[in-house]
Engineer: 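Can you keep this structure in mind? I'll have questions shortly.
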Amino acid sequence: MTTEPGRAGEWRLSVAPMMDWTDRHCRVFHRLLAPNARLYTEMVHAQAVIHGDRERLLGFDAVEHPVALQLGGSDPAHLAEATRIGADWGYDEVNLNVGCPSDRVQAGRFGACLMKEPALVADCVAAMQAAAPANVPVTVKCRLGVDEMEDYDVFRAFVDTVALAGCRVFVVHARKAWLQGLSPKENREIPPLRYEWVHRLKRERPELVVAINGGLATVEDVLAQSPGLDGVMIGRAAYHEPYRLHLMDRALFAPSEPPEDRAELLRKLRPYVEDCLGRGVALKHISRHLLGLFHGQPGGRLFRQVLSEGAPRADAGWDLVERALAATARREAAA
C-alpha cells in the first residue's frame with residue numbers, strides 16, 4: 001500500500017481539510033499519529049494565495065509530507081496561478097474543493113455550488129493541470145450532488161466531465177449537499193449517506209483513483225468501506241478524537257504492530273513545540289489541537305482541563321503538557 005495518488009490501485013488514508021482547524025500545528029500532530037496518511041490544508045481561496053500572506057497561508061513543516069494544498073475558487077486563471085505557487089512551495093498535491101456547502105463559499109461561487117457547473121470545473125482542472133509540474137497531481141473533492149440532484153448518472157457524468165480534463169483522483173463525500181436551508185453542520189448529518197454510489201463509481205471507472213469520505217468515525221467503518229476503493233478520508237473524528245487516526249493508520253498499514261501509547265505519541269511532539277515556542281508561537285495555538293487525545297479515557301477530562309486553563313498563560317511551555325499527562329496518569333491509575 002502507498003499513500004501516493006495518481007494511478008488506480010494505489011491506496012491512501014487522508015485527513016480531511018477543516019476550516020479553522022487543520023492548520024500547520026494540527027497537521028504536524030496528525031503526522032505523528034498517522035505516518036502513512038496524506039494531510040490536507042484548510043481550504044484557501046486562489047485569490048488569497050495570489051495576493052495574501054503566503055507564509056501564513058501556505059507555510060508548512062517538512063515533516064508534514066505528503067501534504068496537499070486545497071484550493072477554492074472558480075476562475076481557471078486564478079486557480080492556475082495559485083496551483084503554480086502551491087507547487088513552488090513544495091506541496092505534493094493540489095486539490096480543488098467542489099464540496100463545501102457553506103454560505104460564505106457559495107457567495108464566492110466556489111465549493112459545492114460548482115457541482116452544478118461541471119464544464120466550469122473541468123476548465124478549472126485543465127488550467128490547474130497545465131500549471132502543475134508532472135509530479136504534483138491535481139485532484140478534486142466533491143459531493144454526490146446538490147439540492148434536487150438525486151441521480152447517480154448525473155453524478156457520474158460530473159466525474160466523467162472532470163476526468164476528461166485530466167483529473168484522475170476523486171475524493172467523494174458520499175452525501176449530496178443542500179445549498180439553502182441547511183447549515184454546514186446539518187449538511188454533514190442530514191442528507192443520507194450513499195456509500196454504494198462511490199463504490200459503483202469505482203467499479204464503473206476502475207482507471208480512476210476513488211476515495212470515500214463522510215461518516216467514517218471508527219476503524220471498523222474504515223475497514224468496512226475500504227475494499228474495492230482506493231482510499232478513505234477521515235474528517236472530524238480525526239480532530240475530536242485524534243487517537244482514532246492512529247488506530248486507523250495501524251489497522252490499514254501495520255495491522256501486526258500494536259498501537260503506540262497516547263502519552264508517548266504526544267511526547268514525540270515536544271521538539272516541534274519547543275521550536276515553535278522559541279520562535280514566539282504561543283502554546284495555546286498548538287495545544288488546542290491536542291485536547292481530544294484522551295477522549296473517552298479515565299482522566300481525559302482532566303487532561304483537557306489542565307491544558308485549556310494553562311495554555312493561555314504567556315509563560316506556558318512544555319512543562320504544562322507534562323503536568324497534564326501526569327494528572328491524567330494519576331487519574332487512570334485510580335480508575
Side-chain angles (χ1 to χ4, degrees), residues 5-6 14 16-17 40-41 43-50 68-87 91 93-132 136-179 184 187 191 194 197-198 201-202 204-205 207-214 230 233:
S14 303
Y40 281 69
T41 69
M43 180 171 58
V44 186
H45 194 279
Q47 289 275 48
V49 172
I50 296 168
L69 170 64
Q70 186 177 84
L71 295 176
S74 58
D75 184 291
H78 293 159
L79 285 164
E81 179 62 18
T83 297
R84 187 177 299 109
I85 293 167
Y91 282 93
E93 171 187 337
V94 179
N95 178 264
L96 178 62
N97 183 312
V98 293
C100 180
S102 77
D103 292 341
R104 181 176 59 173
V105 166
Q106 291 180 57
R109 198 190 174 201
F110 61 104
C113 63
L114 290 176
M115 293 290 297
K116 293 184 174 182
E117 301 185 72
L120 176 57
V121 176
D123 289 344
C124 292
V125 165
M128 294 166 71
Q129 290 273 22
V136 179
V138 173
T139 67
V140 166
K141 185 173 188 291
C142 65
R143 292 263 182 158
L144 300 180
V146 293
D147 296 340
E148 288 76 20
M149 296 169 65
E150 294 275 2
D151 191 325
Y152 169 81
D153 290 338
V154 174
F155 163 64
R156 185 182 59 191
F158 171 89
V159 171
D160 286 344
T161 299
V162 178
L164 284 173
C167 182
R168 288 292 174 268
V169 181
F170 291 84
V171 181
V172 184
H173 187 146
R175 288 185 174 95
K176 74 171 186 178
W178 283 101
L179 299 180
N187 262 308
R194 291 190 170 99
W197 283 26
V198 186
L201 176 69
K202 178 59 185 179
E204 295 178 355
R205 300 293 183 266
E207 71 280 6
L208 298 178
V209 174
V210 178
I212 195 167
N213 171 234
D230 299 296
M233 176 176 275

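Just so it is clear, the structure is predicted and the values come from calculations on it, not from any experiment. Just the heavy atoms: all of them, side chains too, but no hydrogens, waters or symmetry mates, feed the values below.
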Engineer: For A112 versus A177, what's the shortest heavy-atom pair and its separation?
Structural biologist: CB-CB, 4.4 Å
Engineer: Does a side-chain heavy-atom distance below 4.5 Å link V171 with T139?
Structural biologist: no
Engineer: Do you know the tightest heavy-atom contact between M149 and V154?
Structural biologist: CE-CG1, 3.7 Å
Engineer: How close do R143 and K176 get, counting heavy atoms only, and between which atoms?
Structural biologist: NH1-O, 3.1 Å
Engineer: Using a 4.5 Å cut-off on heavy atoms from C-beta on, say whether the side chain of R205 contacts that of V210.
Structural biologist: no
Engineer: Is a side-chain donor or acceptor of N97 paired with a backbone partner of G111 at a separation under 3.5 angstrom?
Structural biologist: no
Engineer: Short question: side chain of K202, backbone of A211 - any donor-acceptor pair under 3.5 Å?
Structural biologist: no
Engineer: With rounding to the nearest 0.5 angstrom, report the CZ to CG distance, F158 to L114.
Structural biologist: 7.5 Å
Engineer: Are side-chain heavy atoms of E148 and W178 found at a separation under 4.5 Å?
Structural biologist: yes
Engineer: Is there a side-chain contact between V121 and T161 (heavy atoms, below 4.5 Å)?
Structural biologist: no
Engineer: Which atoms form the tightest heavy-atom contact between C124 and S74, and what is the distance?
Structural biologist: SG-O, 3.6 Å
Engineer: Using a 4.5 Å cut-off on heavy atoms from C-beta on, say whether the side chain of R194 contacts that of F155.
Structural biologist: no
Engineer: Nearest 0.5 Å please: distance from the OG atom of S14 over to the CD atom of E93.
Structural biologist: 7.0 Å
Engineer: Test V162 against F170 for side chain to side chain contact (heavy atoms under 4.5 Å, CB included), laying out the working first.
Structural biologist: CA-CA 10 Å; V162 178; F170 291 84; 3.9 Å; yes
Engineer: Mind checking the CE-CG spacing from M43 to L96? Nearest 0.5 Å is all I need.
Structural biologist: 9.5 Å
Engineer: From the options L79, T41, N95, select the one residue that forms a side-chain contact (heavy atoms from CB on, under 4.5 Å) with L71.
Structural biologist: L79
Engineer: Going from CG on D75 to CD on Q47, what distance comes out if it is rounded to the nearest 0.5 angstrom?
Structural biologist: 7.0 Å
Engineer: Looking at side-chain heavy atoms only, is the closest gap between P17 and M233 below 4.5 Å?
Structural biologist: yes
Engineer: Check for a donor-acceptor pair, side chain of R175 on one end and backbone N or O of P191 on the other, with a separation under 3.5 Å.
Structural biologist: yes
Engineer: For residues D151 and D153, report the shortest heavy-atom separation together with the two atoms involved.
Structural biologist: OD1-N, 2.8 Å
Engineer: Ring pair (Phe, Tyr, Trp, His ring centres under 6.0 Å) with Y40: which residues, sequence neighbours excluded?
Structural biologist: none
Engineer: Looking only at heavy atoms, which two atoms of C167 and V138 are closest? And how far apart?
Structural biologist: SG-O, 3.8 Å
Engineer: Less than 4.5 Å apart, any side-chain heavy atom of W197 and any of V172?
Structural biologist: no
Engineer: Would you say the side chain of R168 lies within less than 4.5 Å of the side chain of Q129, judging by non-hydrogen atoms?
Structural biologist: no
Engineer: How long is the straight-line distance from CG of D230 back to CG of L208, given to the nearest 0.5 Å?
Structural biologist: 9.0 Å
